[in-house]
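In what follows, a structure is listed as structure tokens, so that the remarks can point back to it.
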Amino acid sequence: MLTPVPPADKSMEEIVSLCKRRGFVYPASEIYGGIRGFWDYGPLGTALKNNIRDWWWHQMVDCPPIGPDGDPVNILGLDSAIIQNPKAWEASGHVGGFNDPMVDCKESKGRYREDHVSVLVPTDGQGLSYAFVDDRSAAEKKIKRDAKRSVEEYTLTELPAIDVAAYPSIVAPEVKTAGTLTEPRAFNLMLDTYPGPIRDEDAKAYLRPETAQGIFLNYKNVLDTMRVKLPFGIAQIGKSFRNEVTPRNFIFRSREFEQMEMEWFCPPEEALKWYDFWKHERMKWWRSLGVAESNLIFRDHADDELAHYSKACVDVEYLYPFTAPNYGELEGVAHRGEFDLTQHTTHSKTKLDYFDQDLQVRLQKEGVDKDEIKKRSRYTPNVIEPASGLTRAVLVLLCEAFTPTPDRKGSDYVMQFKPKFAPVKAGIFPVVNKDGMPEIAQKLFRELRETMPVETDVKQSIGKRYARMDEIGTPFCIAVDGDSVTHQTVTVRDRDTTEQVTIGLDKVKAYLNEKLDA
RNA sequence: GCGGGUGUAGCUCAGUGGUAGAGCGUCACGUUGCCAACGUGAAUGUCGAGAGUUCGAAUCUCUUCACCCGCUCCA
């Protein structure tokens with residue numbers, strides 16, 4: 001068995017190079033020089049991604065876990081459009097909140113949101129102005145010390161109200177000299193597009209920055225058409241797009257990526273229970289991918305870190321080679337309260353509440369007052385959202401599986417994917433390309449490929465063929481030898497131990513199926 | 001966005017102004033009896049892109065693009 005390698009000792013450069021060399025991930029539009037923040041998934045990367053995606057869907061939608069009270073949970077699938085009515089993004093807060101113009105300071109290298117910067121401007125218009133973000137006293141000190149004037153002679157103005165032409169006379173926060181601020185630049189976090197044959201500003205629409213909103217937009221449809229009761233979930237997997245300021249770290253932060261999100265709708269008083277439930281279910285799921293426990297942690301968000309919509313949030317984090325010894329974000333489980341449904345109710349003028357008939361009946365039995373029942377049985381559900389990156393999951397499995405093998409003669413790397421997620425499940429090789437062996441291998445190959453991705457190869461030495469399979473993480477290699485001809489047996493080689501077992505030719509399929517199911 | 005680094009074959013890299021290279025990988029043929037064996041042969045490059053200097057540029061200059069590291073940002 002191979003010794004596990006700590007993520008900090010793995011080289012991203014080697015991982016990226018192996019991904020290219022073996023067809024996992026290519027730089028997007030490489031022949032044109034690439035494009036920042038975009039990546040293409042090659043044949044093996046696509047297979048790996050699909051395997052992870054299918055497992056998520058299987059565990060989330062088709063065969064979800066039993067809930068905290070011992071009842072089966074109900075989650076429905078959805079595939080909403082990438083482009084929605086732009087008003088949806090105003091309601092969600094993405095249009096208003098993330099188009100903030102930023103100013104840079106050439107001196108301090110600081111970057112500030114324009115609307116966060118305040119400026120003390122001399123009321124008489126003579127001399128320099130002094131800017132600050134939080135620390136007004138620092139600006140006042142500069143006034144006394146450098147301008148040698150009284151603070152009373154200045155008027156407080158917000159930076160957005162100041163003309164760019166006046167910037168040269170502004171002393172930026174944290175610096176002493178004036179004129180170091182650049183003009184404000186808009187950072188559009190959403191990519192936009194113009195549906196329709198004519199480019200018309202009024203037709204501007206956005207590529208979704210998250211799949212979640214498509215779920216909220218269809219909450220009422222699902223409720224009206226699918227005979228569901230609270231609590232229930234809606235799950236969706238799909239592409240999202242964000243204008244990341246700095247795409248970095250291979251496929252970790254890219255401008256086009258794929259998400260797996262589930263919105264869990266529940267009565268407000270149950271929200272914390274479900275938050276806790278999904279938090280731990282999600283961690284279980286990540287472990288089920290074959291990720292070592294020690295490489296995964298929870299990180300609870302501090303209150304001041306919480307997004308505008310969120311009441312509580314925890315990240316599942318992974319020990320990426322490029323963040324080590326720190327962990328980096330992988331999945332967020334957020335308690336979104338009723339924020340989203342309320343926002344969309346307000347903006348769309350469509351009721352997105354829930355009439356709880358079970359509660360109505362229960363309250364009637366308890367003899368609760370009629371008006372009280374009416375009031376309490378109609379409410380806006382709370383939402384718990386486990387949201388993870390599918391493309392980040394691919395990255396995690398690539399990093400986790402990547403194992404340099406200096407001890408293994410000739411072989412450089414083994415990708416230790418759990419068999420369930422390996423792009424190729426088995427290689428079928430005649431030990432030599434003669435004496436009836438290739439024919440048997442070909443027959444076995446044709447039989448296995450009916451149900452699973454397998455490869456066969458008759459060229460070159462057997463060792464070389466094993467090593468090639470190791471590098472793409474194929475868990476099993478089946479060698480057809482002389483005994484296959486005389487006794488109808490083959491040997492199955494384990495990728496991680498290189499140990500071999502001899503089994504009957506007719507047992508191969510069952511043997512592999514058992515291992516792949518684990 | 002800032003600072004630093006890098007860009008030459010699929011991968012790793014050598015090549016500092018004068019004919020485009022190596023190792024590995026890939027392919028073909030031979031060999032083969034379980035771990036990148038061996039032999040012979042072959043293909044593969046607009047030297048990231050564009051412009052300039054020069055008789056001549058992978059090499060010098062400028063611009064640009066991409067990647068890496070550190071800041072910054074990250075609903």
Side-chain angles (χ1 to χ4, degrees), chain A residues 11-14 16-23 26-39 42 89 92-100 102-113 180 182 185 187 189-190 209-210 212-213 240 242-250 252-253 255 301 305-310 313 322 328-329 332 334 336 339-340 387 405 408-414 427 429-435 437 458-471 477-485 490-495 497-500 502:
Chain A
S11 147
M12 276 316 288
E13 255 173 79
E14 287 176 55
V16 171
S17 136
L18 183 140
C19 282
K20 167 77 191 293
R21 193 156 45 83
R22 288 300 182 197
Y26 309 125
S29 15
E30 194 183 8
I31 60 170
Y32 288 105
I35 177 164
R36 201 161 138 84
F38 296 88
W39 298 89
W89 304 109
S92 68
H94 288 85
V95 171
F98 313 112
N99 275 331
D100 310 309
M102 311 282 278
V103 292
D104 288 323
C105 173
K106 287 179 272 190
E107 179 78 23
S108 72
K109 307 297 180 197
R111 170 174 290 165
Y112 315 98
R113 263 175 66 166
T180 60
T182 64
R185 276 169 296 199
F187 283 70
L189 269 298
M190 281 193 291
E210 60 175 28
Q213 297 304 325
S240 292
R242 294 180 196 179
N243 259 331
E244 297 290 354
V245 178
T246 315
R248 269 295 162 86
N249 291 321
F250 197 32
F252 178 76
R253 176 168 291 132
R255 291 187 168 144
H301 284 214
E305 193 187 354
L306 290 175
H308 59 278
Y309 56 74
S310 185
C313 188
F322 51 82
E329 188 191 350
R336 297 174 78 120
F339 177 83
D340 302 280
T405 51
R408 199 178 276 196
K409 199 183 124 203
S411 195
D412 294 329
Y413 311 105
V414 174
F429 305 133
V431 169
V432 288
N433 193 21
K434 60 178 184 184
D435 298 340
M437 295 177 213
V458 299
K459 300 285 175 63
Q460 297 172 311
S461 75
I462 188 86
K464 198 172 225 176
R465 286 174 277 167
Y466 284 157
R468 254 202 295 259
M469 288 293 115
D470 287 346
E471 236 181 35
C477 287
I478 297 152
V480 173
D481 56 19
D483 288 344
S484 309
V485 181
V490 291
T491 60
V492 182
R493 168 191 180 269
D494 181 277
R495 176 195 64 202
T497 61
T498 72
E499 278 164 14
Q500 291 175 284
T502 303

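Chain naming here is simple, since letters A, B, ... match the order of the sequence lines and numbering starts at 1 in each.
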I'd like a list of close polar pairs between nucleotides 5-15 of chain B and the protein, N/O only, cut-off under 3.5 Å.
{"residue": "B:rG10", "atom": "O3'", "partner": "A:Lys20", "partner atom": "NZ", "Å": "3.2"}
{"residue": "B:rC11", "atom": "OP1", "partner": "A:Lys20", "partner atom": "NZ", "Å": "2.6"}
{"residue": "B:rC11", "atom": "O3'", "partner": "A:Ser17", "partner atom": "OG", "Å": "3.3"}
{"residue": "B:rC11", "atom": "O2'", "partner": "A:Ser17", "partner atom": "OG", "Å": "3.4"}

*Got a sec, which residues hit side-chain contact (heavy atoms from CB on, under 4.5 Å) with A:Val432, two or more places apart in sequence or on another chain?*
A:Lys434, A:Met437
_Counterpart residues, side-chain contact (heavy atoms from CB on, under 4.5 Å), relative to A:Thr498 (two or more places apart)_ = A:Arg408, A:Arg493
*Partner of B:rU64 by Watson-Crick or G-U wobble geometry, both contacts under 3.5 Å, or none?*
B:rG48
*Counterpart base for B:rA9, defined by Watson-Crick or G-U wobble contacts under 3.5 Å*: none
Taking the minimum atom-to-atom distance to the side chain of [X], which one of [options] wins?
X	options	value
A:Arg248	B:rC69, B:rC34, B:rA36	B:rC69
A:Asn249	B:rC69, B:rA66, B:rC73	B:rC69
A:Lys464	B:rG25, B:rC35, B:rA66	B:rG25

_Once hydrogens and angles are ignored, does a donor-acceptor distance under 3.5 Å link the base of B:rC35 to the side chain of A:Arg493?_
yes
_With hydrogens left out and only the distance checked, is there a donor-acceptor pair under 3.5 Å joining A:Tyr32's side chain and the base of B:rC65?_
no
_On the nucleotide B:rA28, are OP1 or OP2 found under 4.0 Å from the side-chain N or O atoms that A:Lys459 carries?_
yes
*Apply salt bridge (charged side-chain N to carboxylate O under 4.0 Å, His left out) to A:Arg253 and list each qualifying residue two or more places apart in sequence or on a separate chain.*
A:Glu244
*Which value, in whole Å, describes the distance between the P atoms of nucleotides B:rC71 and B:rC35?*
48 Å
*Can you tell me, in whole Å, how much space there is between the P of B:rG17 and that of B:rG41?*
34 Å
*State which residues pass ring pair (Phe, Tyr, Trp, His ring centres under 6.0 Å) with A:Phe250; sequence neighbours excluded, sorted by chain then number.*
A:Trp39
Pairs: protein N or O with nucleotides 30-32 of chain B N or O, under 3.5 Å:
{"residue": "B:rU32", "atom": "OP2", "partner": "A:Lys434", "partner atom": "NZ", "Å": "3.2"}

_Taking the nucleotide of RNA chain B with the nearest heavy atom to each, does A:Asn243 or A:Phe322 sit closer to the 5' end?_
A:Phe322
